[in-house]
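Take a look at the structure below.
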Amino acid sequence: MSNVNLGVSLCGIDFKNPVTVASGTFGSGMEYSEFVDLNKLGAVTTKGVAITPWAGNPTPRIAETYGGMINAIGLQNPGLDTFLERDIPFLKNYDTKIIVNVCGHSEEEYVEAVKRLADAPVDMLEINISCPNVKEGGIAFGTVPASAEKITKAVKAVAKQPIIMKLSPNVTSIADMARACEAGGADAVSLINTLTGMKIDINRRTFAVANKTGGMSGPAVKPVAVRMVYEVANAVNLPIIGMGGIRNAEDALEFIMAGATLVSVGTANFNDPLTTIKVVEGLEAFCEKNGVKDIKELIGCVK
Amino acid sequence: MSNVNLGVSLCGIDFKNPVTVASGTFGSGMEYSEFVDLNKLGAVTTKGVAITPWAGNPTPRIAETYGGMINAIGLQNPGLDTFLERDIPFLKNYDTKIIVNVCGHSEEEYVEAVKRLADAPVDMLEINISCPNVKEGGIAFGTVPASAEKITKAVKAVAKQPIIMKLSPNVTSIADMARACEAGGADAVSLINTLTGMKIDINRRTFAVANKTGGMSGPAVKPVAVRMVYEVANAVNLPIIGMGGIRNAEDALEFIMAGATLVSVGTANFNDPLTTIKVVEGLEAFCEKNGVKDIKELIGCVK
Amino acid sequence: MTFRENATITKATKLATGVFEIWFETKDIAKAAIPGQFISVYSNHGERLLPRPISICRIDGNLLRIVYRVVGAGTDEFSKMQVGEKLTIQGPLGNGYELDKIKAAIEAKGGNFKKALLFGGGIGVPPMLELAASLDIETDVVLGYRDSENFLKDEFEKVANVHIATDDGSVGFHGNVIDAAKDENLKADVIFACGPLPMLKGVKTFANELGIPAYISLEEKMACGIGACLACVCKTSKKDEHSQVNNARVCKEGPVFDAAEVEI
Amino acid sequence: MTFRENATITKATKLATGVFEIWFETKDIAKAAIPGQFISVYSNHGERLLPRPISICRIDGNLLRIVYRVVGAGTDEFSKMQVGEKLTIQGPLGNGYELDKIKAAIEAKGGNFKKALLFGGGIGVPPMLELAASLDIETDVVLGYRDSENFLKDEFEKVANVHIATDDGSVGFHGNVIDAAKDENLKADVIFACGPLPMLKGVKTFANELGIPAYISLEEKMACGIGACLACVCKTSKKDEHSQVNNARVCKEGPVFDAAEVEI
Ligand SMILES: Cc1cc2nc3c(=O)[nH]c(=O)nc-3n(C[C@H](O)[C@H](O)[C@H](O)COP(=O)(O)OP(=O)(O)OC[C@H]3O[C@@H](n4cnc5c(N)ncnc54)[C@H](O)[C@@H]3O)c2cc1C
Ligand SMILES: Cc1cc2nc3c(=O)[nH]c(=O)nc-3n(C[C@H](O)[C@H](O)[C@H](O)COP(=O)(O)OP(=O)(O)OC[C@H]3O[C@@H](n4cnc5c(N)ncnc54)[C@H](O)[C@@H]3O)c2cc1C
Ligand SMILES: Cc1cc2nc3c(=O)[nH]c(=O)nc-3n(C[C@H](O)[C@H](O)[C@H](O)COP(=O)(O)O)c2cc1C
Ligand SMILES: Cc1cc2nc3c(=O)[nH]c(=O)nc-3n(C[C@H](O)[C@H](O)[C@H](O)COP(=O)(O)O)c2cc1C
Ligand code: FES
Ligand code: FES
């Protein structure tokens with residue numbers, strides 16, 4: 001047993017360590033449970049779910065880019081009914097927290113989803129107002145502060161779990177977006193979602209993903225993500241879940257030192273399904289080596 | 001001799017090929033001329049220059065990131081006097097076009113610089129309203145459409161050369177920024193400048209660059225850059241100089257097919273000083289292989 | 001069970017212009033694999049993060065063989081690897097040709113499972129080899145190539161009746177694999193096929209005409225390769241159980257599908 | 001002239017804990033190099049785009065030797081390279097110890113150039129070796145190490161009077177190189193030094209006390225390595241001619257500076 005305390009708490013919930021997964025890169029954990037002992041994660045964050053099943057975008061839905069990828073899955077999901085019947089009971093077999101990522105086409109759909117999740121045995125809800133692949137409305141919430149504040153309020157009015165607002169990096173001022181969520185009553189913010197990108201297939205003279213644009217993620221985006229976490233940490237009094245390109249403990253520590261309480265591993269899972277475990281172990285090793293007794297000492301330590 | 005015509009023209013100026021360098025990565029060409037025959041470039045774009053010498057930021061000024069780098073040089077430059085006496089005569093020895101990148105702390109400084117360049121033997125001016133490392137004012141021009149329009153107008157009023165407005169990617173809508181420049185009378189736009197990023201040195205628990213944040217560039221940013229070029233090509237009727245992560249002809253072709261008339265090689269010069277030449281040769285080879293007689297056919301061919 | 005291994009290359013050869021094979025020594029993957037499954041092959045270069053899905057061509061004890069065409073930077077990297085070097089691979093992935101299940105399904109519908117017809121087109125040829133070797137019923141294989149570089153042909157001849165079709169007519173039938181099968185009047189109880197999409201469409205139609213089932217291998221761009229990211233879906237005719245929409249995951253429910261159940 | 005070569009490694013050895021040497025066979029670089037210059041070493045991995053600046057430790061005909069400490073991913077990669085493998089290198093870069101110029105400058109100011117004192121601290125030891133070998137005047141070298149792993153010591157002994165200082169006192173003087181020099185009452189007409197910044201500050205003060213010039217090698221993070229990007233500047237006391245501000249480029253005007261002319 002090590003002497004390092006990796007536990008963190010966020011909105012009154014205790015996590016055994018600060019490591020979770022980025023929504024959409026880990027399903028509901030089933031597939032990855034063949035590689036990863038889910039009991040070892042601070043939390044599992046599930047793929048975005050809506051009140052009804054969504055079919056998502058046409059294929060190709062992804063393309064590899066230099067040090068990253070772009071995706072335009074289009075929030076395909078089986079809908080809340082199947083999710084609550086199948087995925088939540090599966091996750092309840094594990095000793096880990098559950099964060100449910102929620103998507104919708106309109107304020108009403110978000111509110112309806114949050115209502116239906118109110119009595120589900122899940123720990124937190126993460127509201128994805130920033131998915132660049134949904135045209136019907138999601139995108140506006142994610143880039144206009146007033147809309148973000150409004151939807152935060154609407155969701156908070158019906159939510160029983162703490163609400164995390166997930167921010168898009170495709171804005172001039174991420175601090176303004178975070179302030180708007182804080183004003184709307186958010187309990188936490190998570191960032192970053194994907195950077196809108198494009199890849200052109202020069203041989204076929206067309207777009208590499210059918211949706212033309214997609215969301216860029218992976219190690220390539222990390223500097224933007226760390227900068228935004230730092231800006232938000234200095235703009236609001238909300239706890240932060242940091243993500244964007246984390247593939248090892250050193251990356252996670254950048255986010256923690258910039259101000260994140262929890263960190264999420266996303267795209268790196270595709271490169272190595274054991275990344276989350278390696279991050280947990282690496283955080284512990286770093287703390288031991290540097291005489292850090294409690295990882296909480298490191299949160300926001302770089303000013 | 002090949003049958004491919006690589007020539008392009010922009011604002012009435014003819015370039016022997018569409019390849020130039022990104023401002024700030026190539027000095028005024030002197031150092032690179034040891035590796036690169038400058039006669040083979042469509043144009044040389046020089047490092048940002050101001051009316052007086054600037055000392056720039058403290059060191060460390062750069063940090064490597066995954067597939068890219070961040071820089072906070074802070075626009076160190078020797079001032080227009082030295083530049084006009086030393087650098088322009090040097091470049092005039094070569095058969096290539098000269099694009100001078102201009103920076104300033106205020107509208108007055110930009111206007112003054114453009115005035116003093118009016119009778120210099122240079123082909124175009126590129127107005128850097130987007131450098132994230134200058135605090136005094138530059139940054140506002142680059143992220144607020146109305147400011148961009150105003151400075152474009154001010155500069156155009158005194159300019160004798162065609163004016164390229166260089167856009168920052170750190171905005172919610174790059175199309176709005178381009179429209180503002182078009183409304184202000186810009187002759188062309190160039191994009192993208194660097195994405196604001198941060199790297200934390202976890203062992204020293206401090207920022208990897210002294211300026212805390214820096215501008216991210218290199219192959220990592222390419223998908224964002226291509227997407228923005230595409231958006232701008234579809235928003236305005238101005239020719240576009242595309243850049244951001246180009247390191248080979250395939251990358252350059254993505255920008256061209258997305259709508260760029262000229263392309264600039266930046267960070268890749270640091271990895272291989274011969275990148276520009278390889279891009280020119282690769283463009284020619286691609287056209288030959290694909291039966292493209294004139295590279296102009298490819299500009300904006302992906303819709 | 002799926003395994004992740006840093007596997008040593010025991011053989012790496014060029015089979016034809018742009019076509020290479022690698023044999024890996026694996027701890028568990030080969031033993032767990034069946035024909036039609038694939039593995040994820042990871043680049044040793046950090047700028048390429050996503051796995052390359054490559055079908056299993058041959059299983060021999062602990063040894064696993066893949067055969068691939070160089071089409072981009074990842075396959076180019078693999079083609080330069082040498083014996084003794086290592087690549088991280090993950091698998092076996094996907095359903096593969098679950099012959100017992102397929103047989104049972106066909107017989108349940110009153111069909112026979114006594115004669116198989118396999119189609120392999122281009123780089124769809126290699127995955128048919130382990131299948132041809134595994135089938136203990138009479139097996140015809142129609143292999144389609146561009147030209148006279150008929151990689152793996154000799155090995156197929158040891159395990160099945162081989163028919164060749166080439167685009168340039170240099171060997172065997174001049175034309176596509178379906179026309180070759182028609183030309184030779186090949187008949188079967190079941191079809192298995194892997195190849196480019198136009199060929200698979202042809203196979204689907206052909207199977208319909210013959211009134212027999214066809215099991216085809218689909219391709220799609222993948223990120224996770226294990227069913228978590230929903231990148232690799234294909235359209236299904238019925239509502240897919242996992243997705244609750246008409247999208248099956250090629251990497252999980254596939255890559256082998258009953259042609260009647262997917263829209264291609 | 002600066003050259004870029006994909007150079008073959010002819011020797012790659014570990015010299016001490018975390019310290020490695022590589023010998024390259026070069027076409028032009030070695031022949032063009034002088035002591036105190038450096039080369040840019042490029043990673044073979046696409047996620048690391050910037051060159052690693054490494055000083056030239058030894059020049060032998062076409063052969064060039066570097067000695068480096070593993071501190072991060074790039075140097076770790078280099079340390080795993082083997083004889084016969086290749087790395088892209090560029091150089092020689094920077095001014096180096098231009099001994100004729102330095103001698104002339106010193107004599108112009110009425111000083112002597114008859115006795116040199118060299119300081120090398122930690123991974124600043126290696127660049128002093130080619131310098132010590134090149135100097136044809138009496139030369140004392142004070143080498144500072146952490147402990148008893150005194151890499152390159154034997155080679156220095158062949159070309160200079162060697163004095164050792166160690167942080168842990170296990171070999172030679174217990175303490176830093178300046179105190180070691182004072183302890184032995186070493187005197188000279190000129191000092192050359194490479195090592196960590198605190199050591200260089202000490203050297204500057206020491207040289208001032210002795211009233212002799214000191215030429216020191218500075219380090220800074222670099223992007224282009226050839227003077228174009230302005231990443232690697234150091235503060236100079238007088239206005240720098242190139243920059244028109246008090247910033248000299250370590251990669252171009254340096255890495256060797258007259259200690260009196262830089263603010264450290
Ligand atoms: C289930 C399955 C089995 C396959 N089996 C084989 C095989 O046995 N032999 C063989 O040669 N090829 C096979 N392929 C195709 C093979 O995956 C691609 O040719 C390979 O990924 C190309 O990688 P690259 O880096 O060379 O090309 P790039 O074009 O540089 O790859 C860029 C990205 O696109 C992906 N990609 C490119 N082409 C394809 C494709 N056709 N299918 C899926 N992803 C693609 C790559 O994985 C990578 O993420 C199979 C594909 C699938 C889905
Ligand atoms: C002129 C000069 C000569 C040098 N000579 C030697 C030598 O002979 N032997 C030796 O062991 N080291 C030398 N160094 C330091 C050497 O460049 C770094 O240790 C090396 O770049 C670290 O690379 P990395 O990938 O292992 O570390 P990382 O920390 O992963 O590198 C990340 C980035 O920071 C840069 N960097 C990190 N440390 C330094 C540093 N100290 N100076 C400059 N850039 C740095 C890297 O080049 C890279 O771009 C020299 C530096 C300079 C400027
Ligand atoms: C394939 C894929 C699917 C994603 N789906 C979702 C989603 O459903 N909801 C959401 O909020 N974010 C989604 N994201 C964004 C990630 O949760 C994360 O914010 C982003 O990828 C940055 O982290 P990374 O670089 O570690 O991947 C998805 C990302 C990827 C790559
Ligand atoms: C070291 C460095 C210095 C730069 N200096 C300038 C500058 O002076 N003016 C300017 O407009 N852009 C400057 N840029 C931005 C580049 O011109 C270019 O827009 C950006 O780097 C993206 O291209 P790349 O990814 O090919 O480098 C600089 C970039 C770098 C890396
Ligand atoms: S590749 Fe992720 S679900 Fe198939
Ligand atoms: S590293 Fe570019 S000027 Fe020195």
Side-chain angles (χ1 to χ4, degrees), chain B residues 21 24-35 46-48 52-83 86-87 203 208-210 214 217-220 245 247 266-274, chain D residues 1-6 32 40-53 71-74 88-94 197 218-236 239-253 262-264:
Chain B
V21 293
T25 65
F26 207 75
S28 294
M30 274 176 223
E31 295 80 12
Y32 277 96
S33 67
E34 227 185 309
F35 297 94
T46 56
K47 166 81 184 159
T52 54
W54 289 15
N57 286 327
T59 58
R61 290 178 168 186
I62 59 135
E64 191 180 58
T65 63
Y66 202 95
M69 62 179 288
I70 54 178
N71 89 79
I73 307 293
L75 293 173
Q76 178 185 325
N77 77 84
L80 260 178
D81 291 344
T82 301
F83 178 79
R86 179 184 65 192
D87 299 14
N203 293 311
V209 295
S217 61
R247 65 190 174 94
T267 300
N269 292 309
F270 304 152
N271 183 252
D272 180 355
L274 285 165
Chain D
M1 268 301 273
T2 314
F3 304 92
R4 184 177 172 89
E5 302 182 11
N6 196 228
S40 276
V41 186
Y42 295 82
S43 168
N44 285 324
H45 286 256
E47 70 269 30
R48 288 188 285 282
L49 295 164
L50 298 183
R52 272 56 185 165
V71 298
T88 297
I89 59 176
Q90 197 167 291
L93 299 170
L197 200 58
L218 297 186
E219 276 192 9
E220 192 45 76
K221 294 266 164 41
M222 296 184 177
C224 72
I226 61 169
C229 74
L230 309 181
C232 66
V233 299
C234 65
K235 282 272 155 244
T236 51
K239 186 157 85 181
D240 165 73
E241 200 225 318
H242 177 265
S243 68
Q244 298 293 312
V245 290
N246 295 26
N247 282 347
R249 297 165 295 183
V250 171
C251 71
K252 193 84 182 175
E253 282 81 45
V262 288
E263 294 184 1
I264 57 170

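Convention: sequence-line order gives letters A, B, ...; per-chain numbering from 1.
D/E219 does not touch chain B: none of its heavy atoms, backbone or side chain, sits under 4.5 Å away. In this structure, no portion of D/H45 lies under 4.5 Å from any heavy atom of chain B. Residue contact with chain D, scored on non-hydrogen atoms closer than 4.5 Å, is absent for B/S28. In this structure, chain B has a heavy atom under 4.5 Å from the backbone of D/M222, while its side chain stays farther away. For B/R86, the part lying under 4.5 angstrom from a heavy atom of chain D is the side chain only. When heavy atoms are compared at a cutoff of 4.5 Å, B/F26 approaches chain D solely by way of its backbone atoms N, CA, C and O.
Your options are D/V245, D/T2, D/L49, and the one with the most heavy-atom pairs under 4.5 Å with chain B is D/L49.
A side-chain donor-acceptor contact under 3.5 Å links D/N247 to the backbone of B/A55.
Of all the heavy atoms in D/F3 and B/F35, the pair that sits closest is C-CE2, 4.5 Å.
Going from atom OG of D/S243 over to atom CH2 of B/W54 covers 15.0 Å, rounded to the nearest 0.5 Å. Note: B/Q76 CD to D/D240 CG = 8.0 Å, rounded to the nearest 0.5 Å. We find the OG1-CZ distance between B/T65 and D/R48 to be 12.5 Å, quoted to the nearest 0.5 Å. D/C224 contributes atom SG, which lies 9.5 Å from atom CG of B/N269 (distance to the nearest 0.5 angstrom).
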| request: Check step by step if side-chain contact (heavy atoms from CB on, under 4.5 Å) holds for B/I62 and D/L50. | output: CA-CA 10 Å; B/I62 59 135; D/L50 298 183; 3.8 Å; yes

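You'll find the side chain of B/D272 reaches within 4.5 Å of the side chain of D/R4, heavy atoms only. Proximity of B/P60 to D/E220: side-chain heavy atoms (C-beta onward) are separated by under 4.5 Å at one or more points.
In B/E34, the CD atom is crowded: over 12 heavy atoms of neighbouring residues, nucleotides or ligands sit closer than 6.0 Å.
Each salt bridge (charged side-chain N to carboxylate O under 4.0 Å, His left out) pair with one or both residues in residues 69-80 of chain B, not counting sequence neighbours, would appear here, but there are none. For residues 57-75 of chain B, the pairs satisfying salt bridge (charged side-chain N to carboxylate O under 4.0 Å, His left out) are B/E64-D/R52, with sequence neighbours left out.
Of the charged side-chain nitrogens involved, at least one lies within less than 4.0 Å of a carboxylate oxygen, so that D/R249 and B/E31 count as a salt-bridged pair.
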